[in-house]
Asker: 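Quick one: the structure is below, questions incoming.
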Amino acid sequence: MCICISSINAQNRAKDSLKLLLLNEKTDTGRVIRLAELSFEYLESKPDTTMVLALEALSLASKIGFVKGEAISLNRVGNAYRAFGNNYPKAMEIYLQALKLNEKINNTDGIQRNYVNIGAIYNLQGDYRLALEYFLKSKELAEKINNKASISIVLTNIGKSYYHLKIYDSARIYQLLAYDVAFGINYSRVIGGSQSDLGDIYFETGQNALAIEFYRFSITYLKKAEHDRGLSKTYLGMAKVFEKNIQNDSALYYAKLSLQIAQRIGLIHQVRDAGRFLSSYYRNMRIQDSAYFYQDITKAANDSLFSQQKSRQFQTLVFDEKLRQADIAAAELKDKKKRNNNLQYAAIALGLITFVILFLLLSHSIVANQKLIRFFGVVALLLVFEFINLFIHPYLSHATNDSPLIMLLVMVCIAALLVPAHHRLEKWISHRLVEK
């Protein structure tokens with residue numbers, strides 16, 4: 001009990017520390033990174049919170065034009081979709097968007113994270129060979145930049161692929177490698193996950209005693225990482241081992257524990273799996289009332305999965321609209337920056353032309369040519385017109401609702417005011433030249 005409590009408190013402290021860093025962060029780029037980091041902490045227990053924080057990070061990154069932050073945030077959004085478990089195509093779409101951004105800025109760390117996530121989607125879809133291709137590419141990049149956490153994650157994912165392919169020796173080797181790397185950096189999430197996966201491997205190969213030991217060993221680390229999904233899976237794995245060993249009380253205890261965790265945090269897939277196990281267990285024990293009770297839970301979980309799928313489709317539409325608005329905001333920010341630069345260039349050019357004209361007019365040592373000054377005067381007039389056009393264009397566009405006719409009339413009126421002013425200046429310049 002003391003170990004469990006201290007482990008959970010340690011994980012809560014990690015979240016509290018990130019929240020404090022986020023609160024004290026002064027820069028927008030820093031806030032994006034902190035939001036993305038905090039969103040990952042909730043992935044295995046509250047994927048909805050992961051989604052909310054990731055979308056907030058994405059919105060801010062798009063607003064300030066922080067491409068790396070956009071890629072990191074998209075990766076977290078994809079993680080949330082994957083955790084929901086009923087919209088893998090959308091998760092893949094988001095990961096591919098993040099990959100394009102990371103490739104654009106040559107972000108090796110981001111690319112290797114995208115590879116491992118894309119591989120995870122192929123794993124979930126049953127295409128284990130293609131998943132391995134992405135995992136191996138991710139492993140190469142992770143080793144290149146010597147990111148131990150990423151290396152441990154990709155190693156455990158390679159182990160999962162080999163497990164599903166029923167190549168159990170390779171699966172065991174990669175899970176042990178993942179454990180060694182994760183243990184070296186005290187990465188509880190992968191330590192617990194790899195040990196739980198080793199329990200699955202030993203159960204499938206008929207080594208039940210080893211399976212139970214690895215399952216038990218993983219529990220402390222999974223609790224420390226608040227990996228509720230992994231805990232629910234581990235407890236159900238233990239129930240299956242105990243059932244096979246005809247230890248019915250233990251099988252029932254751990255299956256119910258798996259179901260309780262899954263129900264508490266809304267892991268519908270795990271609710272369905274645990275409910276199916278319990279229904280089968282009671283049916284074999286000829287306790288029909290309980291068998292029907294858990295059968296109803298399984299059916300409700302399946303119905304909920306279907307309902308969630310519809311809800312996620314709506315959320316996908318909402319997310320797409322948020323992305324569209326973020327793109328619009330980013331484009332507007334880019335246009336505004338470009339317009340400000342053009343205004344500065346126009347002002348600099350106008351200032352230089354004005355300086356040249358005044359120098360030629362006022363200098364007592366240089367004989368000025370009237371045609372040359374007249375030419376500079378025309379250039380200055382055009383620069384003034386362009387400066388006014390650049391300055392008032394966004395306001396004029398908004399006021400006229402982008403009506404070309406009205407905008408043209410306004411600009412003609414401005415030109416009609418500038419031309420007489422230009423003629424008066426020409427007369428004044430001619431007078432100054434005569435005096436000179």
Side-chain angles (χ1 to χ4, degrees), residues 1 3-5 7-8 44-47 83-86 124 160 163-164 168 171 175 189 191-308:
M1 285 290 291
I3 290 171
C4 293
I5 291 169
S7 297
I8 291 169
E44 301 298 346
S45 57
K46 297 178 181 178
F84 291 143
N86 52 12
L124 292 166
K160 290 178 191 291
Y163 168 79
H164 290 299
Y168 296 121
Q175 293 297 352
R189 181 170 175 262
I191 294 173
S194 63
Q195 297 303 289
S196 178
D197 289 338
L198 281 166
D200 292 341
I201 293 167
Y202 285 119
F203 175 67
E204 289 295 328
T205 54
Q207 302 176 72
N208 295 336
L210 276 174
I212 284 294
E213 290 305 313
F214 278 100
Y215 282 140
R216 283 177 171 155
F217 185 77
S218 72
I219 289 171
T220 299
Y221 290 97
L222 291 171
K223 286 181 176 178
K224 183 178 180 181
E226 288 192 1
H227 200 323
D228 293 326
R229 189 186 307 274
L231 273 174
S232 179
K233 165 189 165 293
T234 299
Y235 286 141
L236 187 57
M238 294 177 72
K240 291 176 181 178
V241 175
F242 284 124
E243 182 189 40
K244 195 171 184 179
N245 290 341
I246 318 176
Q247 295 173 268
N248 294 329
D249 289 344
S250 295
L252 183 62
Y253 171 78
Y254 283 106
K256 286 185 175 179
L257 199 55
S258 172
L259 180 63
Q260 287 171 7
I261 293 172
Q263 287 178 323
R264 174 168 53 82
I265 60 175
L267 299 173
I268 306 300
H269 281 87
Q270 279 78 0
V271 170
R272 180 196 61 190
D273 294 343
R276 187 178 292 157
F277 176 88
L278 287 164
S279 178
S280 175
Y281 170 86
Y282 280 114
R283 192 177 297 110
N284 293 334
M285 298 294 292
R286 300 185 186 282
I287 306 175
Q288 298 302 326
D289 288 347
S290 295
Y292 285 128
F293 173 76
Y294 287 106
Q295 185 177 337
D296 288 342
I297 288 178
T298 303
K299 184 178 181 301
N302 279 323
D303 292 342
S304 180
L305 280 173
F306 179 77
S307 176
Q308 274 194 0

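For this chain, numbers begin at 1 and follow the sequence in order.
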Asker: If every non-hydrogen atom of Arg264 is compared with every non-hydrogen atom of Asp228, which pair is closest and at what distance?
Answerer: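 Closest approach of Arg264 to Asp228: NH2-OD1, 4.3 Å.
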Asker: Rounded to the nearest 0.5 Å, how far does CG of Leu252 lie from CG of Leu257?
Answerer: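 Result: 11.0 Å between the selected atoms.
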Asker: Checking Asp197 against Lys233 for the salt bridge (Lys or Arg N to Asp or Glu O under 4.0 Å) test, could you report, in this order, the C-alpha distance in whole Å, the side-chain angles of both residues, the deciding distance, and whether it holds?
Answerer: CA-CA 10 Å; Asp197 289 338; Lys233 165 189 165 293; 3.4 Å; yes
Asker: Would you say OH of Tyr168 has more than 12 non-hydrogen atoms from neighbouring residues, nucleotides or ligands within 6.0 angstrom?
Answerer: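 More than 12 within 6.0 Å, yes.
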Asker: Taking all atoms of both residues into account, what is the closest heavy-atom pair of Ala211 and Phe203, and its distance?
Answerer: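 Looking at all heavy atoms of both residues, the shortest contact is CB-N, 3.7 Å.
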Asker: Does any non-hydrogen side-chain atom of Gln270 lie less than 4.5 Å from one of Gln263?
Answerer: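 A side-chain contact is absent here, since even the closest heavy-atom pair is not under 4.5 Å.
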Asker: Taking all atoms of both residues into account, what is the closest heavy-atom pair of Tyr215 and Ser196, and its distance?
Answerer: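 For Tyr215 versus Ser196, the nearest heavy atoms are CE2-O, 3.4 Å.
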Asker: Kindly compute the distance separating CE (Met238) from CG (Asn208), expressed to the nearest 0.5 Å.
Answerer: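 Reported to 0.5 Å precision, the distance equals 12.0 Å.
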Asker: To the nearest 0.5 Å, how far apart are CD in Gln175 and CZ in Phe214?
Answerer: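 Between Gln175 CD and Phe214 CZ, I get 10.5 Å after rounding to 0.5 Å.
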Asker: Locate the shortest heavy-atom distance separating Ala239 from Ala255; write the atom from each residue and the value.
Answerer: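 Where Ala239 meets Ala255 most closely, the heavy atoms are CB-N, 3.6 Å.
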Asker: For a 4.5 angstrom cut-off between non-hydrogen side-chain atoms, does Ile219 reach Tyr235?
Answerer: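 Answer yes - side chains close enough.
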Asker: Locate the shortest heavy-atom distance separating Lys223 from Leu231; write the atom from each residue and the value.
Answerer: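 Closest approach of Lys223 to Leu231: CG-CD1, 3.7 Å.
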Asker: Look up atom CG in Asn248 and atom OH in Tyr281, then write down how far apart they are to the nearest 0.5 Å.
Answerer: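 Taking CG in Asn248 and OH in Tyr281, the distance rounds to 4.0 Å.
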Asker: Rounded at 0.5 Å granularity, tell me how far CG in Leu278 sits from CD1 in Ile297.
Answerer: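 If I round to the nearest 0.5 Å, the distance is 7.5 Å.
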Asker: Quick one: are Tyr163 and Glu204 in side-chain contact, heavy atoms under 4.5 Å?
Answerer: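 Yes, at least one pair of side-chain atoms sits under 4.5 Å.
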Asker: So, taking the atom named NZ in Lys240 and the one named CZ in Phe277, what distance separates them when rounded to the nearest 0.5 Å?
Answerer: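 Between Lys240 NZ and Phe277 CZ, I get 8.0 Å after rounding to 0.5 Å.
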Asker: Within the 3.5 Å criterion, strictly below it, is a donor on Ser279 or Thr298 matched to an acceptor on the partner's side chain?
Answerer: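 Note: Ser279 and Thr298 side chains miss the donor-acceptor criterion.
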